[in-house]
Amino acid sequence: MKIDRLIGILSLLLQKETETIPSLARQFEVSPRTISRDIETLCRAGIPIMTRQGMNGGLSIMEDYKIDRTLLTSAEMQDILAGLRSLDSVNGTNRYSQLMEKLSAGSSDFISEGHSLLIDLSSWYKDSLAPKIEQIRNAIGSHMLIEFTYYSPSGDSRRTIEPYYLIFRWSSWYVWGWCLARQDFRLFKLNRMDGLHLTGQNFPGRPAPVPNLKNERIFPGGIRVKALFQPECKWRLIEDFGKGCFEEQNDGTLLFLADYTDADNLISWILTFGDKVRLLEPEEIRLKLRDIIAEMQKNYQ
């Protein structure tokens, strides 16, 4: 991808006195013409790259600009590369590992050998997520409509959208785009998408606002939950809601107090604790939970 190449070219120019276009083309496995366009892009971004002709000529960053090498310390560069490595864990490729090798080749101690930060974004759905991510990235880059079946609590539907952003949030992947059916921007979870394909139809694009990903907007709350958990559930409560979500009682039980967003999700979550929890409030969900348990008992009689 172009952004990977731009990062790589900039890193090499920060490390070396000069680089030639043919050398960069070989390292990044693209044509010299593509490298020339990349250099133009970096110049437009404000990086003062100069070209010297002759035997020892080539590309270099202007001398009076080299003090800005300190903008990227070795530790900061390691953080960037850790992020790049994490993308391989999702895509199921070694594209970013190859980029790291190219950045490391012939470098100084700008990129050290030790890697103390490892990020793995893969999940149980890695095999199905990787092709979706790749398709959506291609669709965003080429401004092409995508179509898919979407499964939601309100039912199944076939959607066609203009994709604008791929988002990793709340341990899941989403695509943000303009939904032709709803005539509005919508956030779609990749795990709920099926039959994804590029339509071959391009769209001109529109001003796309960055989605509001604040928790209070996506998870607005509204259901005040009060429940009593057994002590052995402490680790689950801390993992799911943080240490401040409960008050330890004299008998060791944990009084849980929190806001929840969806009644069905709340019931599903409570049921995962089996007999280690007793829901106290809200009353209407207590009654619904009681009815569900009664129906479950019938299944095992």
Side-chain angles (χ1 to χ4, degrees), residues 90 119-129 132 148-157 159 166-176 179 181-182 184-194 211-301:
V90 175
I119 304 172
D120 190 338
L121 301 181
S122 60
S123 69
W124 293 109
Y125 307 99
K126 179 178 178 179
D127 291 342
S128 60
L129 274 176
K132 290 178 184 177
F148 52 89
T149 298
Y150 196 65
Y151 303 97
S152 68
S154 59
D156 310 344
S157 59
R159 300 294 185 95
L166 256 175
I167 301 165
F168 182 77
R169 188 78 159 91
W170 319 297
S171 302
S172 297
W173 284 91
Y174 300 80
V175 59
W176 171 258
C179 178
R182 300 293 185 264
D184 197 4
F185 285 98
R186 289 288 190 272
L187 197 63
F188 298 94
K189 195 172 186 177
L190 267 60
N191 281 344
R192 294 184 184 177
M193 298 164 59
D194 189 30
N212 187 343
L213 301 177
K214 292 182 179 178
N215 287 344
E216 57 267 26
R217 177 169 175 82
I218 305 300
F219 305 120
I223 302 176
R224 187 63 178 168
V225 179
K226 186 176 182 180
L228 201 61
F229 287 85
Q230 294 300 310
E232 55 265 40
C233 300
K234 180 183 292 187
W235 68 273
R236 278 278 311 272
L237 297 179
I238 291 175
E239 179 178 332
D240 293 346
F241 286 90
K243 193 173 181 180
C245 69
F246 60 83
E247 298 174 1
E248 192 162 351
Q249 306 299 291
N250 292 333
D251 60 358
T253 58
L254 310 172
L255 182 62
F256 173 80
L257 300 167
D259 284 329
Y260 222 85
T261 59
D262 180 84
D264 290 336
N265 287 339
L266 170 60
I267 291 171
S268 298
W269 183 69
I270 289 290
L271 288 172
T272 64
F273 291 90
D275 62 350
K276 304 300 181 184
V277 59
R278 180 159 56 94
L279 182 66
L280 304 176
E281 296 176 6
E283 180 65 20
E284 62 271 18
I285 295 182
R286 267 177 54 89
L287 297 175
K288 188 174 181 180
L289 186 60
R290 184 191 63 186
D291 293 341
I292 290 173
I293 294 172
E295 291 299 316
M296 290 173 65
Q297 286 180 317
K298 292 179 183 179
N299 292 336
Y300 293 96
Q301 288 178 352

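Just so you know, these numbers use all the heavy atoms, side chains as well, and skip hydrogens, waters and symmetry mates.
At most 12 non-hydrogen atoms from other residues, nucleotides or ligands lie less than 6.0 angstrom from CG of N250.
Ion pairing of K288 with D264 is present here, as a side-chain N (NZ or NE/NH1/NH2) and a carboxylate O approach within less than 4.0 Å. A salt bridge does not link R236 with E239: every distance from a Lys NZ or Arg NE/NH1/NH2 to an Asp or Glu carboxylate oxygen is 4.0 Å or more.
Distance check: C245 SG to L255 CG gives 10.0 Å after rounding to the nearest 0.5 Å. For the atom pair D240 CG and T272 OG1, the distance stands at 7.5 Å (nearest 0.5 Å). Once rounded to the nearest 0.5 Å, the distance linking SG of C233 with NZ of K276 reads 7.5 Å. Put simply, CG on L287 and CD1 on I292 are 11.0 Å apart, with the number rounded to the nearest 0.5 Å.
Contact record, Y150 with L187: OH-O, 4.3 Å, taken as the closest heavy-atom pair. The minimum heavy-atom distance linking R182 with R186 is given by the pair CB-NH2, 3.9 Å. The two residues S152 and R192 have their closest heavy-atom pair at CA-NH1, 4.3 Å. The two residues A227 and V277 have their closest heavy-atom pair at CB-CG2, 4.0 Å. Listed here is the closest heavy atom pair of P231 and G252: CG-O, 3.1 Å.
The shortest side-chain heavy-atom distance between I285 and I270 does not fall under the 4.5 Å cut-off. Contact of the F229 side chain with the T253 side chain is not registered, since no non-hydrogen atoms from C-beta on lie closer than 4.5 Å. You'll find the side chain of D259 stays beyond 4.5 Å of the side chain of I223, heavy atoms only. In this structure the side chain of K243 never reaches within 4.5 angstrom of the side chain of L237, judged on heavy atoms. You'll find the side chain of L271 reaches within 4.5 Å of the side chain of L289, heavy atoms only. You'll find the side chain of L254 reaches within 4.5 Å of the side chain of K234, heavy atoms only. You'll find the side chain of V175 reaches within 4.5 Å of the side chain of L190, heavy atoms only.
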- Stepwise ring-ring contact (aromatic ring centres under 6.0 Å, His included) test for F188 and F148: CA-CA 10 Å; F188 298 94; F148 52 89; 5.3 Å; yes
- F246 vs F256, ring-ring contact (aromatic ring centres under 6.0 Å, His included): CA-CA, chis, key distance, verdict: CA-CA 4 Å; F246 60 83; F256 173 80; 8.3 Å; no
- Message: Evaluate W173 against I167 for side chain to side chain contact (heavy atoms under 4.5 Å, CB included), listing each step before the verdict.
- Response: CA-CA 6 Å; W173 284 91; I167 301 165; over 6 Å; no
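Note: F241 and W269 have perpendicular aromatic rings, judged against thresholds of 30 and 60 degrees for the angle between ring planes.
Using modelled atom types, one finds no donor on one side chain facing an acceptor on the other under 3.5 Å when comparing T149 with R159.
Side-chain atoms of K132 come within 3.5 Å of backbone N or O of M193 as a donor-acceptor pair. The main-chain N or O of L279 is never found under 3.5 Å from a side-chain atom of E281 such that the two would form a donor-acceptor pair.
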